[in-house]
There are 2 protein chains.
Amino acid sequence: MASSQNDRSEGSGLKLDEFLCFAVYSANHAFNRVYQPLLQKLNLTYPQFIAMIVLWTEDNLTVGELGGKLFLQTNTLTPMLKRLEALEYIERRRDGTDERQVRIKLTTKGRKLQAKASDIICSVRSATELEDKQMAQMVRDIGALRHSLAGHGRS
Amino acid sequence: MASSQNDRSEGSGLKLDEFLCFAVYSANHAFNRVYQPLLQKLNLTYPQFIAMIVLWTEDNLTVGELGGKLFLQTNTLTPMLKRLEALEYIERRRDGTDERQVRIKLTTKGRKLQAKASDIICSVRSATELEDKQMAQMVRDIGALRHSLAGHGRS
DNA sequence: TTATAATATGTCGCATACGATATAATCGCT
DNA sequence: AGCGATTATATCGTATGCGACATATTATAA
């Protein structure tokens, strides 16, 4: 019959496992799944945690500057930053010189999180099962990939 | 004063650019941004496209089997598959032998998409600016990373 | 056999991401 | 000075992902 239960047509030479995009896609989910339960102790989501890493390094950024570092736009960041503000980890305040800009400042509470984050970062680092050298190389390679993809179509 | 405009405290040795998780996170977004406008012609989102790649390779999978290949759960897949069904790219039907299972079958319309997808895949492949060898190596490395992260905590 | 456990899928709430669009502030040009 | 263009942020709608939970079907065991 035409619609037997077991007809699995091998239709193409395209196998998902050979797609770089899928490797990145699924690895990103895997990171999320490792981080998420660890970050619950800090009341942070994984994207929020990444934003906090930036702020721990450089405080008092505008929303746009933060977005530049995260490769995210303000329509994504604004709601996230409002949640971080509700948690009292950051403050959002209009810049006095240019009222269009909103500056993000860590609160004391937000700054204190950094110590607890270190343990989590170490845990995840060990979960990757990579040597420092290999990890650094992957960071460079994947960063270059991101750059190529972002520059795609640019002059 | 305590709250000058320009106080940017260099607070830590943690730089976002050195995080493997962020490299993966931002590369994933970059892939999404390259694919998304190309996929609009097919009325597919990027995750939908990835699911279709699996179905083009192996038809008549259950929701669970598809999820196993995508590393996604049914609570994510069910709504997506309903949208693909609404687009008439797939059909969802309960398995006669085991009524718990839902089998996903490509429609003719869905099968036809594959030809158009090839061009898009080629475009993105060239946007990565990687040689075949390098790309294959990255796929292996990132796949191994995903595997390590997924196995984290298992016996 | 029949109550209970296990399995497969689905629903709901929440938090991203992003395109399209809105709003407000500043800039640039005359 | 003033007005149109630009810039910075925010709002809205849609589509993921996932935890928690609900439902239905099948398997298992007393």
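In the text below, chain A, chain B and the rest are named by the order of the sequence lines, each starting its count at 1.
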- Atom CZ of Phe31(B) to atom C1' of dC18(C): distance rounded to whole Å? 18 Å
- Item | OP1 or OP2 of dC18(C) under 4.0 Å from side-chain N/O of Gln36(B) | no
- Query: Taking the side chain of Val63(A) as its heavy atoms from C-beta onward, which of dT9(D), dC18(C), dT9(C) lies nearest to it?
  - Reply: dT9(D)
- Task: Scan Leu72(A) against the nucleic acid and name what it touches under 4.0 Å (heavy atoms): base, sugar-phosphate only, or nothing.
- Result: sugar-phosphate
- Atom CG of Leu70(A) to atom P of dC18(C): distance rounded to whole Å? 11 Å
- Item | Per Thr45(A) side chain, nearest of listed nucleotides dT9(D), dT11(C), dA15(C) | dA15(C)
- Message: Rounded to whole Å, how long is the line connecting atom CG of Leu61(A) with atom C1' of dA8(D)?
- Response: 15 Å
- Item | Flag, side chain of Arg111(B) to backbone of Leu106(B), donor-acceptor distance under 3.5 Å | yes
- For the pair made of CZ in Arg93(A) and P in dA8(D), what is the distance, rounded to whole Å? 21 Å
- Message: If the cut-off is 4.0 Å, is Tyr25(B) near the phosphate of dA17(C), judged by side-chain N/O to OP1 or OP2?
- Response: yes
- Query: Donor-acceptor pair, Gln101(A) side chain versus Asp95(A) backbone, under 3.5 Å?
  - Reply: no
- Task: Tell me which nucleotide among dA17(C), dC12(C), dA10(D) gets nearest to the side chain of Pro47(A).
- Result: dA17(C)
- At under 4.0 Å between heavy atoms, what does Arg33(A) touch on the DNA or RNA strands: base, sugar-phosphate, or nothing? sugar-phosphate
- Are any of Lys82(B)'s side-chain N or O atoms less than 4.0 Å away from OP1 or OP2 of dT11(C)? yes
- Starting at CE of Met52(B) and ending at P of dA15(D), how long is that distance when rounded to a whole Å? 16 Å
- Query: dT16(C) C1' sits how many Å from His29(A) NE2, rounded?
  - Reply: 11 Å
- Given that Arg94(A) and Asn32(A) both sit by DNA chain D, which one's nearest nucleotide is further toward the 5' end? Arg94(A)
- Between Arg93(A) and Glu91(A), is the closest basic N to carboxylate O distance under 4.0 Å? yes
- Asp132(A)/Arg125(A) ion pair, N-O < 4.0 Å: yes
- Task: Check whether any side-chain N or O of Glu85(B) sits under 3.5 Å from a backbone N or O of Arg92(B) as a donor-acceptor pair, and report yes or no.
- Result: yes
- Got a donor-acceptor contact below 3.5 angstrom from the Thr107(B) side chain to the Tyr89(B) backbone? yes
- Message: Please determine whether a side-chain nitrogen or oxygen atom of Thr76(A) lies at a distance below 4.0 Å from atom OP1 or OP2 of dA17(C).
- Response: no
- Euclidean distance, atom CD of residue Gln73(A) to atom C1' of dT9(D) [Å, nearest integer]: 12 Å
- Item | N or O in side chain of Thr74(A) less than 4.0 angstrom from dT9(D) OP1/OP2 | no
- Query: To the nearest 0.5 Å, what is the distance between CG (Leu66(B)) and CG (Leu72(B))?
  - Reply: 8.0 Å
- So, does the side chain of Asn75(B) form a donor-acceptor pair with the base of dG17(D) at under 3.5 Å? no
- Query: Under 4.0 Å between a side-chain N/O of Arg92(B) and OP1 or OP2 of dG10(C), yes or no?
  - Reply: yes
Each nucleotide N or O in nucleotides 22-29 of chain C that has a protein N or O under 3.5 Å away: list the pair and distance.
| from | atom 1 | to | atom 2 | distance (Å) |
| --- | --- | --- | --- | --- |
| dT26(C) | OP1 | Glu99(A) | N | 3.1 |

- Message: Measure CD/Gln48(A) against P/dC18(D) and give the value in whole Å, please.
- Response: 16 Å
- Of the listed nucleotides dA10(D), dT16(C), dT11(C), the one nearest the side chain of Met80(A): dT16(C)
- Message: Closer than 4.0 angstrom, basic N to acidic O: yes or no for Asp98(B) and Arg100(B)?
- Response: yes
- Message: With a cut-off of less than 4.0 Å, is there a side-chain N or O of Tyr46(B) near OP1 or OP2 of dA15(D)?
- Response: no
